[in-house]
Amino acid sequence: MAPRADGTPTFTEQARRRQLVDCTIDLISTRGYPATSLAAIAERAGISKAAVLYHFSSKDNLTRAALEHVLAEFTAYVRERVDRAAGPRAAVVAYVRAMIGYQQANRRHVRVITEMLLDDAGGTKLKTPGQHDTGNRWQELAALLSAGQQAGELREFDARTVALAIGGAIDGVVSHWLAHPEYDLDAAADELETFTLDAITRRAR
């Protein structure tokens, strides 16, 4: 089916693109990024490689679309829970819990993120420095922390530094869980909540 006159994809094209993104996520999460070829994606989707290229002109464009889809769902999940929080302090706790909770429930998506952003099997070297800031991660947490300070609920500190520290702690815990599935991630989330509150709570004089 041809695109509409204004160039926007038809409903059928949108459905096919979503199918290709889903197939790409499945393949990256099970085989890894290097083994996820256009031919493998086409086979998984049950269409020709030429049909894949009709919707996405290259592997890079398709895998980038898969990563963007994963990050959008991740961001929406976290934001929904933060928005429901009753106050700035609770919003920070909700952020930490949601970051852990989403990754615990969506291991496939975590694999896509690590495969796309990290350059080595150890999961320590970024392909492009700063890529963990995709989606303005530290900036959004820093904004929550600053709001808590302005409301008088949190102590004075550098919001950027603390946001980076909390984000790094979350990444470290999840990375360890991915390598050691027996690690109790629920208990780790409890400890991270305590760690975060100890770092940000206003202290009595």
Side-chain angles (χ1 to χ4, degrees), residues 18 20-37 40-41 44 59-60 62-82 91-142 144-145 160-200:
R18 176 59 190 272
L20 291 172
V21 165
D22 287 342
C23 289
T24 303
I25 290 170
D26 284 340
L27 287 169
I28 292 175
S29 66
T30 55
R31 300 185 186 181
Y33 177 76
T36 301
S37 64
I41 295 167
R44 177 65 64 93
K59 174 185 172 179
D60 283 347
L62 179 47
T63 54
R64 190 179 304 113
L67 176 62
E68 289 172 355
H69 174 77
V70 166
L71 292 174
E73 289 206 345
F74 194 171
T75 300
Y77 178 95
V78 174
R79 190 165 292 156
E80 177 186 356
R81 283 148 183 80
V82 168
V92 174
V93 172
Y95 175 92
V96 172
R97 288 286 186 177
M99 289 290 291
I100 296 291
Y102 183 87
Q103 295 180 87
Q104 185 176 31
N106 295 275
R107 198 183 187 100
R108 288 188 322 141
H109 286 190
V110 179
R111 180 76 189 278
V112 170
I113 294 169
T114 57
E115 285 282 326
M116 294 289 290
L117 298 186
L118 299 177
D119 200 27
D120 65 325
T124 57
K125 181 182 176 184
L126 289 169
K127 290 180 179 177
T128 303
Q131 275 190 311
H132 271 168
D133 291 338
T134 299
N136 296 321
R137 274 185 55 192
W138 76 259
Q139 293 93 330
E140 291 191 4
L141 178 54
L144 293 176
L145 295 169
R160 175 186 293 198
T161 300
V162 173
L164 289 170
I166 294 171
I170 292 169
D171 289 344
V173 163
V174 172
S175 295
H176 188 76
W177 169 70
L178 289 171
H180 304 277
E182 76 283 359
Y183 182 54
D184 189 340
L185 197 56
D186 291 321
D190 291 339
E191 289 293 348
L192 275 178
E193 178 178 336
T194 300
F195 167 84
T196 299
L197 289 174
D198 284 346
I200 67 176

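We're numbering straight along the sequence, starting at 1.
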Enquirer: For Y183, enumerate each residue passing the ring-ring contact (aromatic ring centres under 6.0 Å, His included) test, keeping only those at least two apart in sequence or located in another chain.
Expert: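 ring-ring contact (aromatic ring centres under 6.0 Å, His included) check on Y183 returns H176.
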
Enquirer: For D198, check side-chain contact (heavy atoms from CB on, under 4.5 Å) against everything at least two apart and list the hits.
Expert: T194

Enquirer: Flag the pair V82 / R97 as yes when at least one side-chain heavy-atom distance between them is below 4.5 Å, and no otherwise.
Expert: no

Enquirer: With R160, which residues qualify under salt bridge (charged side-chain N to carboxylate O under 4.0 Å, His left out), at least two apart?
Expert: none

Enquirer: Within the distance-only criterion (no hydrogens, no angle test), does the side chain of N106 pair as donor or acceptor with the backbone N or O of R108 below 3.5 angstrom?
Expert: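 No; zero donor-acceptor contacts below 3.5 Å.
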
Enquirer: What's the shortest heavy-atom distance between L145 and A163, and which atoms?
Expert: CD1-N, 3.8 Å

Enquirer: Can you list the residues that meet the salt bridge (charged side-chain N to carboxylate O under 4.0 Å, His left out) rule with E80, with sequence neighbours excluded?
Expert: R84

Enquirer: Could you tabulate the donor-acceptor pairs under 3.5 Å formed by side-chain atoms of residues 65-73, not counting sequence neighbours?
Expert:
from: H69; atom 1: NE2; to: E73; atom 2: OE2; distance (Å): 3.3

Enquirer: Not counting sequence neighbours, which residues clear salt bridge (charged side-chain N to carboxylate O under 4.0 Å, His left out) with R81? List them please.
Expert: none

Enquirer: With a 4.0 Å cut-off on N to O distance, would you call R137 and D171 a salt bridge?
Expert: yes

Enquirer: What are the two closest non-hydrogen atoms of T24 and I41, and how far apart are they?
Expert: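 For T24 versus I41, the nearest heavy atoms are OG1-CD1, 3.5 Å.
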
Enquirer: Quick check: does any side chain N or O of R107 sit under 3.5 Å from a backbone N or O of L178, one acting as donor and the other as acceptor?
Expert: yes

Enquirer: Quick one: closest heavy-atom pair of T63 and D60, and the distance?
Expert: OG1-O, 3.2 Å

Enquirer: What heavy-atom pair brings R111 and I28 nearest, and what distance separates the two atoms?
Expert: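 Result for this residue pair: CG-O, 3.8 Å.
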
Enquirer: Could you check whether any side-chain N or O of E115 sits under 3.5 Å from a backbone N or O of Y33, counting only pairs where one atom can act as donor and the other as acceptor?
Expert: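 Side chain of E115 to backbone of Y33, a donor-acceptor pair under 3.5 Å: yes, one is there.
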
Enquirer: Regarding R44 and D22, does a basic nitrogen lie under 4.0 Å from an acidic carboxylate oxygen?
Expert: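 Between D22 and R44 there is no salt bridge, as every charged N stays at least 4.0 Å from the carboxylate O atoms.
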
Enquirer: Over all heavy atoms of both residues, which pair between I100 and L185 is shortest? Give the atoms and the distance, please.
Expert: CG2-CG, 3.8 Å

